[in-house]
Visitor: 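Here it is, the structure in full.
Both ligands and their constituent atoms are indexed starting at 1 by order of listing. Below, all heavy atoms of this structure are taken into account, side chains as well, without hydrogens, waters or symmetry copies. Bear in mind that the values here come from a model prediction, so they are computed numbers and not experimental data.
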Amino acid sequence: MHRKMTESLIFPRQGDKQNSDFFEEYLVRLLEERDHSGLTDIIHEIEAIMITVDPGHSIRYIGELSLMTPYHYLVTLESEDHWTHILRVDMNSPDFLVREVKDPSIQGVFRSLNEIYPIGMRKPNSRYMGEILRVDNLHEVVEKQKEREFRFFSQDQIRRMQLPGNLAISKPSPYTHNIVSYMERPLDQIRTYALGVSAIRDDVQEVYLAAKSMQKELGINDLIMPIDHLATRIYSQNREVAILEWLSLSSYYYWGSYDITDQNSSTNVTKSVHCPNEMQSPAKVFTANNTPYFVNHLEKLPSPTETFVRNYGPRLHHIALAVADGERNGMENIDYVVKQIASQGRDFLLDVIGSKDDGLKQIFSSASEHSSLIIEYVQRFGDFNGFFTKHNVAELTHAAGVEEELLEMQAESEITH
Ligand SMILES: [Fe+2]
């Protein structure tokens with residue numbers, strides 16, 4: 001049978017950030033080889049994202065997500081040391097796996113990734129772990145990726161970590177500290193995770209239902225859409241390798257990079273070759289400082305991105321959700337959503353920025369006390385299909401940096417007192 005070959009290099013390049021010759025050469029070589037090997041065609045969309053939280057935090061985190069996102073609580077998988085809650089919008093968008101460690105003293109690789117960073121260590125079990133990608137043939141993908149020198153946890157290690165047994169899971173990236181997992185599933189089958197004993201927990205269901213009825217009462221339940229993008233922050237010197245590594249592990253393409261000169265950083269965007277609509281497979285964004293921290297004293301430039309990475313380690317910084325285009329009660333939807341959520345005591349780091357004329361408006365919430373992740377809302381107007389405006393990104397980056405300085409001061413005073 002003749003198999004169609006997806007071409008990953010035909011997409012127009014966006015952005016103004018210059019890349020090195022190394023990057024441009026290996027972008028072409030890696031994606032050509034990925035296409036020819038068949039990997040591009042058998043690796044599909046992001047099937048789920050995985051987050052771990054500290055003991056006692058998952059139920060409140062699910063309450064937060066149920067209010068601030070379109071996700072629904074589905075079921076909890078209980079294993080010896082963990083609860084893994086499954087949240088879903090529908091089968092056209094990725095699931096959310098929220099995993100809570102039962103015992104605060106438990107050790108493990110994900111905890112180790114937090115422990116050497118001054119703010120990351122304060123919530124040792126809380127971090128974004130990575131994505132699960134849907135594949136046609138798990139064995140074929142893993143064998144090919146091993147030939148390309150990617151490393152995977154063994155089945156025994158997966159069992160001991162109490163992660164779903166039907167996944168193949170890569171070792172954490174040295175650049176992003178995220179894992180990439182693969183799960184085989186034909187499109188006409190429901191997603192299942194082979195882990196523990198499944199039950200709908202009354203205490204989780206109660207918090208979920210209360211949040212959903214509040215979402216309805218606030219009139220925002222039909223305005224918040226699935227995930228638009230996932231933004232990972234990395235050290236400045238890892239910008240290009242982190243992008244190329246992710247492209248090698250996925251079937252995403254390089255959309256382009258923008259220099260955010262004001263904040264001495266860049267925003268680098270990759271998207272799925274198979275799903276032009278981000279709702280089906282979110283864009284993956286990488287943010288890196290333009291210069292490493294140790295030249296700051298010479299350059300005197302702001303460095304919020306590098307500071308974040310030094311404080312938390314490389315990791316996911318925010319999850320962006322799309323807001324439906326339109327108006328409610330005389331306000332643009334995003335303003336309405338933010339006003340209603342803020343009325344429930346949730347803080348935002350700044351006002352909604354951007355405008356209808358710019359094509360999009362955006363805002364960052366404060367970081368979740370449960371996951372340390374920020375929620376971004378983004379509303380695009382009319383037929384605007386750009387990803388962001390430089391001005392917005394500069395303001396968002398700045399605002400997140402200011403909040404972090406406060407956390408840093410708190411962390412220091414905890415150590416000295
Ligand atoms: Fe973003």
Side-chain angles (χ1 to χ4, degrees), residues 14-15 17 46 49 51 65 68-70 93-94 96 128 131 176 178 224-234 239 242-243 246 252 254-272 277-279 281-289 304-309 312 314-325 333-334 337-338 341 347-355 358-368 371-381 384-404:
Q14 314 285 332
K17 170 92 180 164
I46 296 179
I49 60 172
I51 292 170
L65 291 171
M68 296 184 74
T69 77
S93 299
F96 230 100
Y128 179 84
E131 301 83 28
T176 67
N178 293 336
I224 310 171
M225 304 199 295
I227 301 173
D228 181 89
H229 63 270
L230 298 162
T232 299
R233 291 189 164 188
I234 48 180
R239 183 183 75 89
I243 299 167
W246 161 250
Y252 273 48
Y254 178 57
W255 188 77
S257 300
Y258 282 91
D259 202 346
I260 311 298
T261 324
D262 272 10
Q263 294 298 314
N264 186 24
S265 80
S266 68
T267 296
N268 306 271
V269 182
T270 69
K271 295 189 184 198
S272 167
N277 180 358
E278 281 87 18
M279 306 297 103
S281 199
K284 279 266 290 179
V285 174
F286 300 87
T287 306
N289 228 68
T305 307
E306 189 87 344
T307 305
F308 174 88
V309 181
Y312 284 94
R315 59 157 70 191
L316 194 81
H317 177 259
H318 65 265
I319 296 176
L321 296 151
V323 173
D325 188 13
N333 284 344
I334 188 168
V337 165
V338 168
I341 289 175
D347 291 331
F348 288 85
L349 296 186
L350 68 176
D351 294 330
V352 177
I353 51 164
S355 69
D358 294 338
L360 81 170
K361 289 175 93 164
Q362 290 165 284
I363 192 166
F364 271 171
S365 76
S366 58
S368 165
S371 66
S372 299
L373 293 168
I374 284 172
I375 295 275
E376 176 187 328
Y377 290 117
V378 50
Q379 179 177 351
R380 296 194 177 79
F381 294 88
F384 182 82
N385 61 4
F387 205 72
F388 59 86
T389 69
K390 282 193 175 207
H391 172 74
N392 284 9
V393 173
E395 281 206 41
L396 291 166
T397 309
H398 175 72
V402 170
E403 174 169 83
E404 227 190 280

Visitor: Indicate yes or no for a side-chain donor-acceptor contact from Y254 to the backbone of N268 under 3.5 Å, with no hydrogens or angles considered.
Guide: no

Visitor: Classify the angle between the aromatic ring planes of H317 and F308 as parallel (below 30°), tilted (30 to 60°) or perpendicular (above 60°).
Guide: perpendicular

Visitor: For E376, what is the atom name of its N, O or S atom nearest to the Fe ion (ligand 1)?
Guide: OE1

Visitor: Checking the side chain of S257 only, and the main-chain atoms of G15 only, is there a donor and an acceptor separated by less than 3.5 Å?
Guide: no

Visitor: Have a look at the Fe ion (ligand 1) and estimate, to 10 degrees, the angle subtended by NE2 (H229) and NE2 (H318).
Guide: 100°

Visitor: Give a yes/no answer: is there an N/O/S atom of D228 under 2.8 Å from the Fe ion (ligand 1)?
Guide: no

Visitor: Among side-chain atoms of S281 and Y252, is any donor-acceptor pair under 3.5 angstrom?
Guide: yes

